> 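Right, I'll just put the structure down here and ask away after.
So you know, we letter chains A, B, ... as the sequences are listed, proteins then strands, and number each from 1. Only a predicted model underlies this, so the values are computations on that prediction, with no experimental measurement involved.
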There are 2 protein chains.
Amino acid sequence: MKTQENQSEERVSNRQVLINATLDAIAEIGLIRTSVSEIIERAGLSRGMIHLHFNGKPNLIVEAARYASEQYYQILHENIQGAESNPARLIEAIVRGDLGPKSLNTRNVSIWYEFRGAARNDAGIAAYSDTRDAGLRDLLRDAAFALAEREGASDPAAIARDMSFGLMALLEGMWTDFMLHPQSFDRQMAERIMFRYLSGTWPNSFDVSGVISP
Amino acid sequence: MKTQENQSEERVSNRQVLINATLDAIAEIGLIRTSVSEIIERAGLSRGMIHLHFNGKPNLIVEAARYASEQYYQILHENIQGAESNPARLIEAIVRGDLGPKSLNTRNVSIWYEFRGAARNDAGIAAYSDTRDAGLRDLLRDAAFALAEREGASDPAAIARDMSFGLMALLEGMWTDFMLHPQSFDRQMAERIMFRYLSGTWPNSFDVSGVISP
DNA sequence: CAGAATAATGGACGATTGTCCATTTTGTGA
DNA sequence: TCACAAAATGGACAATCGTCCATTATTCTG
């Protein structure tokens, strides 16, 4: 029975406006220079709003981290939809998704890197910075285990542990390289390197271009 | 003809004291909270020294980045000494060195990560943040090329490009993981993952424990 | 030893930080 | 339409930021 709340879908609360402005600022000028003045100017709102909605700047930063983490997860699960049943296809979907423009873009990578660094000295941010890893790692490990078993490895658990860890680390490195050189980064090359790695361990499931179709 | 300059080897200029204090602060509390007050307190010097020796804080930060970069390089070259002639041994030395406690420790990793992030918005820092990569990448690419040729790959240049890029990215990822979980990080596991990757591409030169001795 | 040059001090300075509240504006229900 | 509640404003505030300079201490030179 709200009045004209939903006259339009794009009606967003000022709370969310502040979060978006904060993430924009972090992406563009970094956490160091993201001041209250900077945020409220980008948001087009008044100074007191941060205190009203978040009880101070630190809380706003944490909420922005939570939101960014949720966004990443949502895209991840969209990427892997339909591939969950086949471990090789699942890994392929994760890799391609994580290197695709919806995940790997200047804004996301900058935000991710800034929060990562801040997490070292901020428990509140650390909570939402770690979740990304945990969820992704579990997905990869389970898929790697299934794959190792299927290919008849002697110790599938060990392989799964090493490979999920290695894939995570390699993706990390790709993101870092993208952050440092966004204009020269080559997505195709990045994917090829990932699949070369995968085919080295599971030559029956992968080649340099991805999953081998039967 | 200096007076009592070298009465003891550990006599260091206050310029260097400031750089060390800056790096300590960055490692422990991060770049955001590394203020002039914080630095001079750690250095045990007076407020004006930063302006006297560096003409302002920004310059001090850049000089600290340069020094950290030089330190990293020095350790790198110590690590690979004697292994330059054999490409497989050279890669092994780089990998083991980069994952060893002289390079990969809490202080170094924190500093490296902070400068990496700052480089995005600071050209002065970017210069010394990039050099590490450039030098390391060249070393790896040349070794990878020699190895690819020796193992008779069809396109050694392509292999060398992919592998040097992949090795860099994988090491990046290892460093990041160490930064996030320094207490649970497993150096042996990290090395094994690196060598598993290498043996996937060059099974005649590497196995999971390192270079294969003839 | 005297004099000059250099190194070091520590506080003053304006600018900017984040917090918070008195006030005004907007929205809602009687 | 009126009265009340909620949302939003924007400036005051103390604290801290980085800069810079007048002053003092130290070192080097002749």
> Should A:Ser46 be listed as having a side-chain N or O under 4.0 Å from OP1 or OP2 of D:dA8?
no
> Tell me the closest heavy-atom pair linking B:Glu92 and B:Gly210, and the distance in Å.
OE2-CA, 3.8 Å
> How many Å lie between CG on A:Leu45 and C1' on C:dT25, as a whole number?
14 Å
> Report which part of the nucleic acid A:Gly48 touches: base, sugar-phosphate, or nothing (heavy-atom distance under 4.0 Å, all strands).
base
> Nearest to the B:Met49 side chain among C:dA8, C:dG18, D:dA8, which nucleotide is it?
C:dA8
> How many Å lie between CD1 on B:Ile40 and P on D:dC20, as a whole number?
17 Å
> Using heavy atoms to find the nearest nucleotide of DNA chain C for B:Leu52 and A:Lys57 separately, return the residue whose nucleotide is more 5′.
B:Leu52
> Using heavy-atom distances to pick each residue's nearest nucleotide on DNA chain C, tell me which of A:Arg33 and B:Gly44 is more 5'.
B:Gly44
> What integer distance in Å separates B:Leu18:CG from D:dT19:P?
13 Å
> Please tell me whether A:Tyr197 and B:Asp162 have a donor and an acceptor in their side chains that are separated by less than 3.5 angstrom.
no
> Check whether any side-chain heavy atom of B:Trp112 lies under 4.5 Å from a side-chain heavy atom of B:Thr176, and answer yes or no.
yes
> Is any side-chain N or O of B:His53 closer than 4.0 Å to OP1 or OP2 of C:dA8?
yes
> Give a yes or no answer on whether the side chain of B:Asp177 reaches the backbone of B:Gly173 with a donor-acceptor pair at less than 3.5 Å.
no
> Would you say A:Asn14 reaches D:dA8's phosphate, i.e. side-chain N/O to OP1/OP2 under 4.0 Å?
yes
> Mind calculating the distance between CD1 (A:Ile39) and P (D:dT9) to the nearest angstrom?
15 Å
> Rounding to an integer number of Å, can you tell me how far B:Phe54 CZ sits from D:dC20 P?
16 Å
> I need the CD-P distance between B:Glu41 and C:dG10, as an integer number of Å.
13 Å
> Looking only at side-chain atoms of A:Arg47, point me to the closest of D:dT9, C:dT9, C:dG18.
C:dG18
> If you compare every side-chain N and O of A:Ser35 against the phosphate oxygens of C:dT16 (OP1, OP2), does one of them come in below 4.0 Å?
no
> Counting just side-chain N and O atoms, does B:His51 come under 4.0 Å of either OP1 or OP2 of D:dT19?
no
> How many whole angstroms separate atom CG of B:Asn55 from atom C1' of D:dT19?
11 Å
> With a cut-off of less than 4.0 Å, is there a side-chain N or O of B:Ser37 near OP1 or OP2 of D:dC17?
yes
> Can a donor-acceptor pair be found, under 3.5 Å and without considering hydrogens, that links the side chain of A:Glu114 to the backbone of A:Leu31?
yes
> Whole angstrom is fine here: how far is it from CD1 in B:Ile32 over to P in C:dT16?
19 Å
